[in-house]
Every structure is written in C-alpha cells, then in structure tokens.
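Below: one structure, written as structure tokens.
One-based numbering along the sequence shown.
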Amino acid sequence: MATKLDPHHLVALMSYAFKDKQDGSPRCLDPSLHSLKGGIVDNYETNVRTFPILDALAHISVSRKESQVIAIGLQLNSRKQEIRLTVAENQKVTDGLVNHLTKIWRKLQALSGEYEKNRGGRWDKSEPRSPEMPKKVGLSLKMGILRDIYQYSLEKQMRRIDKWSEGLRRFIKELLERRVFLHLQGFELSLYKAVVALLLAVEVVSKLHDNPKDQLTESEWELVYFQSILASEHVRIVLADRKEFVCELLAQELGDHLFRDPFQLRRALEKLTSLPRHIETLFRFAHSPRLRPALRYRLFVSAVPQKAHTVKLPASPEEWKSFLEVACYKRYDFQEMHAVELAEGFGSSKWVCPVHCECGLIQYLQTRQGNQWDRVPPFSYIGVSKLSCSACRIWIEIFNEQCGPKFYTRGSHGKWYWPWGIPRAEGPLVGVMARKVLDEYLAHLESQKLLRSNSVSSGVSSDGAEHGLSDDDRKDAEAVGATIVQDRRGSGLGFFDARG
C-alpha cells in the first residue's frame, strides 16, 4: 500500500508534521565511516581537508538575502591537469555566479603561487605543516579576494548583520553592567574580545553597504580582515565547550534578568563569523602545499540546469483524510483534524517543486553529458552552503544504497521543507523514497502517541596549514580594538550603544 503513495505528498505531510522543527536526525557527517573516491590526491587525510574548501566555495557563492542554497561538486583529471567545479542551485544558476567562482579561483591560484615562491622548497612532506610566511606575503592578493567576496555576498552578509549585531551589542552591554569589567576572565573575557572584534569589522562592512559608491580603503579592508580573524579565534574558544552549554547558560542568566527569551548567543556568533571563517578556509587552501595540485590545474565551471516538477496535492479535507488513512493503514480520530489543517495550510493543489541543489547535482553527475567529464569520477563529497534538509538526506541515503557511486554532504539540519522535488520522477528509487519517508512519518506519530506502538511498518574543519594570526598580529589587532573602544565616550560601554 505504501509503495503507491507519492513521495512528494509524504514530504509535504512531513513539513506539516514538523512545521520547521527539527526531526532529531543526525546533523553531521562522520568521514571515518565512509570511503572517499575521486579526490584531489590518492590520500584519505588530504582529501578530507577538501571538505571545508568545497563548503567554503558554496558559501561564498550565496549572494541573495534569502532562499538561495548552493551545492558544488569536484572532478579532477590529473592526466590532463584539469579540474571542474559543477555548481547547482535550488533555482537557476546565473552567469554572474559562474564568473564570480572563476575569478575567485584564479586569485586563489595566484595566492598559492605566491606562497610557493616564498616557501622556496623549505617544506618537507613529512612535516605536519608548511613553514610560516612573513606577514606581508600575499597580503595584497588576500585583500583583493576579501573585497571581491564581500562585494558579491554583501546583501547576504548585511542580512546576518541586521539580524544579529544589535542584539549582540545589547547582550554584551548587559553582561558588562552585570559584571565588573576587570573581573572578566576565561570564557567571558574571550566573548568580550570576540564581540569587540566582530563589531569593528561589522561597522566597516556596513559603510560599504550604506554608501556603495564609496569604496573602502586598503587599510579599512585590512581592519576587516584582521578583526574578523581575531573574532573567529575567540569565537572558537567560546564555542569549544559544547558539553557544558556555557553560551546557553549565560544567555539564560541574562535573559532571566531582562525578563525576555534568552538571546541566541551561539547562533549569533556562528552567523556573524560564517563568511570570514569560510574566507579564511580558502586562504588556508591556497597556503597548503598538500592541496596545491588543485590550484595548478586549468579550471572549468559547469552549471546544473534547473529542474522542477509540477505536483498535485490533495485539494480538500476529504482527499487529505483519505490519503492519511492509506498512509496509516487504518482510520484514526486525529486524521480528520489533521486533514482540515493540511487542506488549509497547502491551499492550492498544484505546486511547482524545485529539485534541491545537492540532489540535482548528484543526479547530474551520474547522467552522461556527452563530454570528456563523463569519464572522470566525481569526488564523493558535495560542498553545500547550508545543511541538507531531511528529504534530501533520505534521498541521498537511498541513492547510496543503489550499489553505485556514493555521495555525502556535511550533514542535515533535520528540517522538512515544501515544496521539494525528487530528482527523477520514475524508477525504483521513487518507491523506496516513499517507504522511507512514510516510516519516518509513522515513527513521528507513534512518538506523539497518536498510533499504537505495533502499527508502524517495517556536520570537518580544515586541517591544512595553519593560517591564523601570529602573536604580534593578534596583539596589534587587540590593541587597535581596545583603542577604538576607549575612544567611544571613554567608558567602554559606549561602544556597544546602537549606531544611529
């Protein structure tokens, strides 16, 4: 009975059942559990280091404020010294995105060449990392890359800034008023330093947004760069102790005092450091001798054509009720109320359902295109700008069970989205998809005690060369921040006041 159900209908049903809540599925990929194919070199440890690079390339490809997700696949032909990035989007991939990726890649190639020239053969492959470079090596190239990425992703970055920065200002000001500043230590001192550095970078980037005709100076871009790195270093310390939920406990303490919901401190820090963190990953990529082969090769960028399905959902409470009875194998009292809510929530019976980018990319890579890349196996890991939804997670799991090539993303956020389109609307995978989604729906109903228990049917970091701040750079960046904070009305608290 379950095999006759349309997986699209079941995904819509799950999006209703969870209403943007997480379903509890595992979030992060454990690379040790999988065999990787088609990497940059024939070495597991080196190929794992490309995970965050592909994710970073996907992340810097996002330009719109919302509703944009990017996936990127990698193929490398060492014989011809060619590399191809294949880009997919939930909507149409634009020429602007392809040109942006091409430009950034060429500048990373130039930066890698600069590092290689200054390395001068001083690196032994048996050493865990390459020699440190002088501060000024490649700085101009890095500032050019930083500028290009920020200008391309400015609208998205400003969305993050507008959403999180003022709340973070108020949170830290409240913390300083509750504590004596000189008594800040450990976690709270790192948090204070992180926020100061973050807000300094945010102020400069906001100038670029407010006056797009007035370009930032080289020194302003350097301030954005060094303060962003400094902020990321302190944020890593703040977020490191996940078992103790220190961020959540502090947010709860201040939230209780302010008589409002706790501020999402961890989320704010992660969001505001996401773009500079991914930019730094790309700089580490250029700095790494082990990954240099990829930056020596000629680049090709291909776009996956947009694909969508027109899906007809049940149009009335009666049709939804009949669907629920089939899905649950029998009638239950709750179905009548759910059917009414489903009919009201989805309204129109016809939906255009886009194929999500990671699934569309996998399908594209496994379909012959009639060119030289048909003979080059793609890398197993797919870079994504956002964690996969639960429907994509299940589809990829089923695809990987088909005894062919296997693909992985960095994990799932455990949410269900509608509309969602299956990459190919025919074949055995469709029936398996329906059964797997149905099993999760029935398990959810059982957890809600809506079914009797016997009624149910059968997130890597880059480990390449370290590329953070030197001790001197860190001290200089912190001194700059301290001076600016002190100049703001002399007290330190004035720095955290809302900007007019």
Side-chain angles (χ1 to χ4, degrees), residues 157-207 209 223-277 280 461 468-469 471 473-500:
Q157 183 66 0
M158 287 306 304
R159 172 69 181 261
R160 301 183 187 107
I161 289 171
D162 292 342
K163 184 173 182 179
W164 296 107
S165 63
E166 285 306 315
L168 192 57
R169 287 181 190 275
R170 292 194 299 270
F171 185 88
I172 294 300
K173 188 169 183 178
E174 179 66 25
L175 175 65
L176 295 176
E177 289 175 347
R178 295 287 304 280
R179 309 281 199 266
V180 177
F181 173 74
L182 294 177
H183 292 172
L184 288 180
Q185 56 185 337
F187 161 83
E188 292 182 352
L189 182 58
S190 293
L191 175 61
Y192 170 81
K193 290 181 177 180
V195 175
V196 168
L198 262 179
L199 295 181
L200 287 171
V202 162
E203 284 186 0
V204 178
V205 173
S206 298
K207 285 173 58 179
H209 181 261
L223 186 147
V224 170
Y225 173 61
F226 286 113
Q227 295 299 330
S228 294
I229 297 177
L230 180 63
S232 295
E233 289 183 355
H234 287 302
V235 165
R236 279 197 292 270
I237 296 172
V238 169
L239 301 183
D241 196 356
R242 292 183 177 273
K243 291 183 179 178
E244 297 297 329
F245 299 104
V246 180
C247 282
E248 288 74 10
L249 291 173
L250 182 61
Q252 186 68 49
E253 175 193 340
L254 270 63
D256 289 344
H257 174 72
L258 298 171
F259 301 104
R260 59 173 179 253
D261 292 336
F263 179 64
Q264 293 179 293
L265 177 61
R266 183 182 298 274
R267 183 82 168 162
L269 295 173
E270 290 174 338
K271 286 295 184 180
L272 288 173
T273 57
S274 61
L275 184 60
R277 186 173 67 249
E280 190 62 17
S461 63
L469 297 179
D471 289 342
D473 287 342
R474 186 178 298 104
K475 290 177 182 177
D476 290 345
E478 289 185 349
V480 169
T483 300
I484 294 175
V485 169
Q486 190 64 29
D487 288 343
R488 301 282 174 85
R489 305 187 192 174
S491 68
L493 287 183
F495 176 78
F496 299 98
D497 290 335
R499 299 287 165 246

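Residues Ala268 and Trp164 share a closest heavy-atom pair of CB-CE3, 3.5 Å. When all heavy atoms of Thr273 and Ser232 are compared, the closest pair comes out as CB-OG, 4.1 Å. The minimum heavy-atom distance between Val238 and Cys247, with the atom names listed, is CG1-SG, 3.6 Å. For Ala201 against Ser228, the heavy-atom pair with the smallest separation is CB-OG, 3.7 Å. Between Arg266 and Phe245, the closest heavy-atom pair is NH2-CA, 4.4 Å.
In this structure, the separation between OH on Tyr192 and CG on Leu175 is 10.5 Å, given to the nearest 0.5 Å. The CD1 atom of Ile172 lies 7.0 Å from the CG atom of Leu265; values are rounded to the nearest 0.5 Å. A distance of 5.5 Å separates CG of Leu250 from CD of Glu188, quoted to the nearest 0.5 Å. How far NZ of Lys271 is from CD of Gln157: 10.5 Å, rounded to the nearest 0.5 Å. Taking CD from Glu253 and CD from Glu174, the interatomic distance works out to 9.5 Å, rounded to the nearest 0.5 Å. Here the straight-line distance linking atom CG of Leu199 with atom CD1 of Ile484 works out to 11.5 Å at 0.5 Å rounding.
Put simply, the side chain of Arg160 reaches to within 4.5 Å of the side chain of Ser274, judged on heavy atoms. Counting heavy atoms from C-beta outward, Phe171 and Leu254 have side chains that approach closer than 4.5 Å. Side-chain contact between Gln227 and Val480: present, with at least one pair of heavy atoms (C-beta onward) separated by less than 4.5 Å. Residues Ile229 and Glu233 form a side-chain contact, since some pair of their non-hydrogen atoms from C-beta on lies under 4.5 Å apart. You'll find the side chain of Leu198 reaches within 4.5 Å of the side chain of Leu269, heavy atoms only.
Under the side chain to side chain donor-acceptor pair (under 3.5 Å) criterion, Gln264 pairs with no residue at all, not counting sequence neighbours. In terms of the side-chain contact (heavy atoms from CB on, under 4.5 Å) criterion, residue partners of Ser206 (sequence neighbours excluded) are, by chain and number, Met158, Ile161, Val202, Asp210. For Lys173, the side chain to side chain donor-acceptor pair (under 3.5 Å) partners at least two apart in sequence or on another chain are Asp497. The side chain to side chain donor-acceptor pair (under 3.5 Å) test applied to Arg267 returns no partner, not counting sequence neighbours. Remark: Lys207 pairs with Glu220 by the side chain to side chain donor-acceptor pair (under 3.5 Å) rule, at least two apart or across chains. Under the ring pair (Phe, Tyr, Trp, His ring centres under 6.0 Å) criterion, Phe187 pairs with no residue, sequence neighbours left out.
Checked against Lys193 for a side-chain contact (heavy atoms from CB on, under 4.5 Å), the options Val195, Leu189, Leu191 give a single hit: Leu189.
For the pair Glu478 and Lys475, the salt-bridge criterion is not met [side-chain N within less than 4.0 Å of a carboxylate O].
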